[in-house]
Amino acid sequence: METTRKLKDQIAIVTGASSGIGAGVAKALAAEGAKVVINYSSSPDKAEKVLEEIKATGGNGLTIKADVSNEKEVVEMFQQTISHFGTVDILVNNAGLQKDAKFHEMTLEQWNYVLGINLTGQFLCSREAIKEFLRRGVVPQRSKAAGKIVCMSSVHEVIPWAGHANYSASKGGVMMLMKTIAQEYAPMKIRVNSIGPGAIRTPINHAAWQTPDAYNQLLKLIPAKRIGEADDIGGAAVWLASDDSDYVNGITLFVDGGMLLYPGFEDNG
Ligand code: BGC
């Protein structure tokens, strides 16, 4: 018996989907029947490869280049998606990066670059998505919601992180952006939630898992005693984007192997 796929015929945009968590989320949404726009900023080959993998398993999608911190490029990405697929049902605000520096040495450029992509990018993409959700309204055959937004946050929306002030500030900002628009648009049947990943094996943190020494250090922060994989986040994204979470508004779903359980207190305090 064929089970109904949870995101059948829905159109999803996943930003920063050419690698890491974004690529994992794009594949997970496609496996549940969504047509996925694989947004990328600088790696067309990697984005095409993600699309090929999706097509190889019977899925469908499109790659679109856009810098999420650039208003014009974001507006064009939504226009292109809507003219190709007709609408947008799901936005996964995933694009994000780190430019780490000691706070007293952090340049304004490093600060603005990270805030521009991690926070302003989520503002610009969410605004375009919500305009389209409001225009179209609910299509009951596809979803109970007029649209869903999943923001990629981090455990660092709550855990302070020395040497990463720009990144932590951006994720704290994402938390209040997410909650505020969740409150503002819930009455219009638009659901906005976040995923807060812990340490996931991706290029952003390769230094933390690359060598056995680094990996063992990292495990001290993770009660579940393993690093996360992109698939761990893919499953959470499918749930937040599907009607299975229809009564869930404005939460951060932490997927972190217990990083937020203060493992330093296991045998201390
Ligand atoms: C960061 C990773 C880090 C993880 C846990 C993420 O948000 O991007 O570099 O490993 O948080 O600290």
Side-chain angles (χ1 to χ4, degrees), residues 14-26 39-43 46 68-69 92-103 106 110-122 125 150-179 193-237 240 251-266:
V14 183
T15 65
S18 58
S19 72
I21 289 176
V25 166
N39 159 257
Y40 67 96
S41 63
S42 59
S43 309
K46 288 189 193 163
V68 295
S69 67
V92 181
N93 270 323
N94 171 76
L97 46 73
Q98 292 177 213
K99 285 283 165 209
D100 308 331
K102 290 199 173 94
F103 181 68
M106 189 172 283
Q110 287 170 322
W111 173 267
N112 282 338
Y113 187 46
V114 171
L115 270 288
I117 289 172
N118 295 13
L119 184 56
T120 307
Q122 296 213 14
C125 292
V150 179
C151 300
M152 207 53 70
S153 184
S154 165
V155 289
H156 299 296
E157 74 172 40
V158 287
I159 302 179
W161 202 16
H164 307 77
N166 46 4
Y167 184 83
S168 309
S170 74
K171 296 303 184 179
V174 164
M175 178 181 69
M176 284 310 287
L177 172 68
M178 177 279 288
K179 288 189 186 208
N193 293 286
S194 285
I195 297 173
I200 308 298
R201 191 194 310 274
T202 71
I204 206 172
N205 60 358
H206 68 277
W209 49 265
Q210 219 177 16
T211 65
D213 275 359
Y215 189 63
N216 286 332
Q217 268 306 107
L218 180 66
L219 290 192
K220 290 185 189 162
L221 297 175
I222 309 173
K225 295 299 167 210
R226 72 165 175 90
I227 193 168
E229 305 294 342
D231 283 353
D232 291 311
I233 307 300
L240 285 175
I251 65 148
T252 298
L253 174 55
F254 290 104
V255 183
D256 67 351
M259 203 172 232
L260 271 164
L261 298 174
Y262 298 97
F265 278 81
E266 252 175 56

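These values consider heavy atoms only, across backbone and side chains, with no hydrogens, waters or symmetry-generated copies. Read the numbers this way: they start at 1 and go in the same order the structure lists the ligands and their atoms.
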Does ligand 1 come near enough to Ser153 that some N or O of the ligand is less than 3.5 Å from an N or O of the residue?
no
Report yes if Asn205 has an N/O atom closer than 3.5 Å to an N/O atom of ligand 1; otherwise report no.
yes
Nearest neighbour in protein (non-hydrogen) for [atom]:
atom	value
atom 6 (C) of ligand 1	Tyr167 OH, 3.5 Å
atom 3 (C) of ligand 1	Trp161 CH2, 3.8 Å
atom 11 (O) of ligand 1	His156 CD2, 3.3 Å

Are Cys151 and Leu177 close enough, and set up right, to give a side-chain contact (heavy atoms from CB on, under 4.5 Å), and what steps lead you there?
CA-CA 9 Å; Cys151 300; Leu177 172 68; 5.7 Å; no
Are the side chains of Ser170 and Leu115 in touch, meaning some heavy atoms are under 4.5 Å apart?
yes
Any non-hydrogen side-chain atom of Pro197 less than 4.5 Å from a side-chain atom of Met152?
yes
Residue-level breakdown please: for Gln98 versus ligand 1, do any non-hydrogen atoms fall below 4.0 Å on the side chain, on the backbone, on both, or on neither?
side chain
Please confirm whether Gly198 comes under 4.0 Å of ligand 1, counting heavy atoms of the residue only.
yes
Can you tell me if Lys171 contacts ligand 1 (heavy atom of the residue under 4.0 Å from the ligand)?
no
Residue pair Tyr167, His156: steps toward the side-chain contact (heavy atoms from CB on, under 4.5 Å) verdict
CA-CA 8 Å; Tyr167 184 83; His156 299 296; 4.2 Å; yes
Taking only heavy atoms of Ser154 into account, list the atoms of ligand 1 that are under 4.0 Å away from them.
6 (C), 7 (O), 11 (O)
Under 4.0 Å to a heavy atom of Met259 - the qualifying atoms of ligand 1, by number
5 (C)
Decide yes or no on side-chain contact (heavy atoms from CB on, under 4.5 Å) for Thr252 and Lys171, but give the supporting numbers first.
CA-CA 11 Å; Thr252 298; Lys171 296 303 184 179; over 6 Å; no
Interatomic distance, CG@Leu240 vs CD1@Ile233, rounded to 0.5 Å, equals 10.5 Å
Should the pair Trp161 and His164 be assigned to parallel (<30°), tilted (30 to 60°) or perpendicular (>60°) ring geometry?
parallel
